[in-house]
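Structure, as structure tokens:
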Amino acid sequence: MPVNTQNGTQVWRRRTTGESLVRWVGWLIGVAVFVYCWQQISEATTWFFVWDAPRIAGDIWARATPPRWEYITQLGRPIWDTLNIATLGTLISLCLAVPVAFLAARNTTPSALFIRPVALLIIVATRSINSLIWALLLIAIIGPGVFAGVVAIAIRSIGFCAKLLYEAIEEIDHAQVEAITATGASRWQVMGFGIVPQIMPAFAGIAVFRWDINIRESTVLGLVGAGGIGLQLSSSLNVLAWPQVSLILLVILAAVVISEWVSAKVRGAII
């Protein structure tokens with residue numbers, strides 16, 4: 001903005017004096033908060049272990065290499081269980097997320113006053129709790145195993161899928177819906193021919209994207225007893241079998257890379 005100087009000329013400045021002062025006060029508060037937080041962290045940190053971390057990491061690396069390649073014959077079933085946990089959990093979550101999304105979208109919910117808040121509460125509640133916590137709760141309820149991992153992944157994914165899907169529903173072209181409604185179509189016909197075809201590409205993309213994420217999450221559920229390759233990782237860590245740990249990590253990395261490649265190809269074909 002232009003600012004008048006003493007000789008009457010105008011000089012362009014990006015901010016006024018008041019705006020610059022507010023900006024500097026904001027920076028000062030931010031620095032003060034950072035310094036305070038750093039002090040609190042420093043007081044709760046044993047810095048000897050931090051400085052000794054490179055030596056410990058080097059020692060573990062020496063123990064973990066080379067990987068124990070013959071152990072790979074025992075990882076076929078665990079990695080298959082991991083893929084099943086991710087796939088079945090994603091399918092179950094999609095079946096539950098679709099009705100929740102339609103109930104949460106402003107243009108499809110039967111009641112914006114009563115039903116929509118409940119649907120939004122379900123979305124927030126399932127998204128706010130990590131899959132590991134869900135797995136711990138489910139293991140206490142239904143016992144350890146793959147089924148607990150499947151349900152944990154499904155519950156965790158409902159909010160993610162429903163949120164993205166209901167946003168896609170709210171962004172549809174309403175002209176197409178109005179045209180179908182004008183023909184005298186019923187509510188379900190409007191849903192099937194006016195709304196669903198518009199959100200199908202988004203739905204497919206969300207499904208593949210969430211499956212890709214669930215592959216990553218399901219690899220660690222075994223650490224709490226929910227089955228999959230994480231169970232083998234936990235067992236190897238407990239006995240300090242570092243060559244086995246390094247091999248399991250390589251297998252997990254390969255599974256994640258392959259799932260990323262598959263999801264990228266599928267999303268590319270959809271888009």
Side-chain angles (χ1 to χ4, degrees), residues 72-104 118-119 121-166 202-238 245 248-267 270:
I72 200 169
T73 57
Q74 303 183 38
L75 299 181
R77 180 58 183 271
I79 195 65
W80 177 249
D81 288 342
T82 298
L83 294 175
N84 285 332
I85 290 172
T87 304
L88 294 176
T90 303
L91 291 175
I92 294 173
S93 68
L94 291 173
C95 294
L96 298 175
V98 169
V100 173
F102 277 98
L103 295 176
V118 174
L121 177 62
I122 294 174
I123 292 174
V124 173
T126 54
R127 290 177 64 240
S128 60
I129 301 178
N130 191 272
S131 57
L132 278 176
I133 300 177
W134 282 120
L136 285 171
L137 294 174
L138 290 166
I139 287 171
I141 297 172
I142 62 179
V146 174
F147 183 67
V150 171
V151 179
I153 288 293
I155 296 176
R156 167 68 170 168
S157 303
I158 291 173
F160 178 92
C161 298
K163 177 177 174 58
L164 295 181
L165 189 58
Y166 95 74
F203 174 77
I206 292 168
V208 175
F209 185 43
R210 187 63 215 185
W211 176 77
D212 182 30
I213 295 174
N214 286 341
I215 291 290
R216 293 168 171 79
E217 294 197 355
S218 60
T219 57
V220 298
L221 291 184
L223 295 175
V224 296
I229 198 169
L231 188 60
Q232 300 295 119
L233 178 60
S234 177
S235 301
S236 298
L237 286 171
N238 289 336
V245 171
I248 294 172
L249 293 178
L250 288 175
V251 172
I252 292 175
L253 176 62
V256 170
V257 169
I258 293 173
S259 68
E260 177 69 25
W261 178 80
V262 172
S263 64
K265 290 294 184 180
V266 174
R267 288 199 300 268
I270 295 171

Between Ala101 and Tyr166, what is the shortest heavy-atom contact and its length?
O-CB, 3.3 Å
Pairwise distance OG(Ser131) to CG(Asn214) - rounded to 0.5 angstrom
8.0 Å
Search all heavy atoms of Ala148 against all heavy atoms of Leu138 and return the closest pair with its distance.
O-CD1, 3.6 Å
Thr87 and Trp211: side-chain donor and acceptor closer than 3.5 Å?
yes
Between Trp134 and Ile129, is there a donor-acceptor pair closer than 3.5 Å when you use the side chain of the first and the backbone of the second?
yes
Heavy-atom nearest pair, Ala97 first then Ile158, reads CB-O, 3.7 Å
Once you round to the nearest 0.5 Å, how far does CG of Asp81 lie from CG of Leu75?
11.5 Å
Test side chain to side chain contact (heavy atoms under 4.5 Å, CB included), reference Ser234, set Leu223, Ile248, Ile229, output is Leu223
Could you go step by step and tell me if Phe160 and Thr126 meet the side-chain contact (heavy atoms from CB on, under 4.5 Å) rule?
CA-CA 8 Å; Phe160 178 92; Thr126 54; over 6 Å; no
Among residues at least two apart in sequence or on other chains, which ones pass side-chain contact (heavy atoms from CB on, under 4.5 Å) with Leu132?
Asn130, Val220, Leu221, Val224
Closest approach of Thr82 to Ser218 (non-hydrogen atoms, all atoms of both residues):
CG2-OG, 3.2 Å
Flag for Arg210-Ser157: side-chain donor and acceptor within less than 3.5 Å:
yes
Minimal non-hydrogen separation, Asp212 against Ser259, with atom names:
OD1-OG, 3.2 Å
Heavy-atom closest pair, residues Ala86 and Ile215
CB-CD1, 3.5 Å
In Å and rounded to the nearest 0.5 Å, what is the CG to CG distance from Leu94 to Leu165?
9.0 Å
Kindly determine whether Arg77 and Gln232 satisfy side-chain contact (heavy atoms from CB on, under 4.5 Å), including the steps that lead there.
CA-CA 10 Å; Arg77 180 58 183 271; Gln232 300 295 119; over 6 Å; no
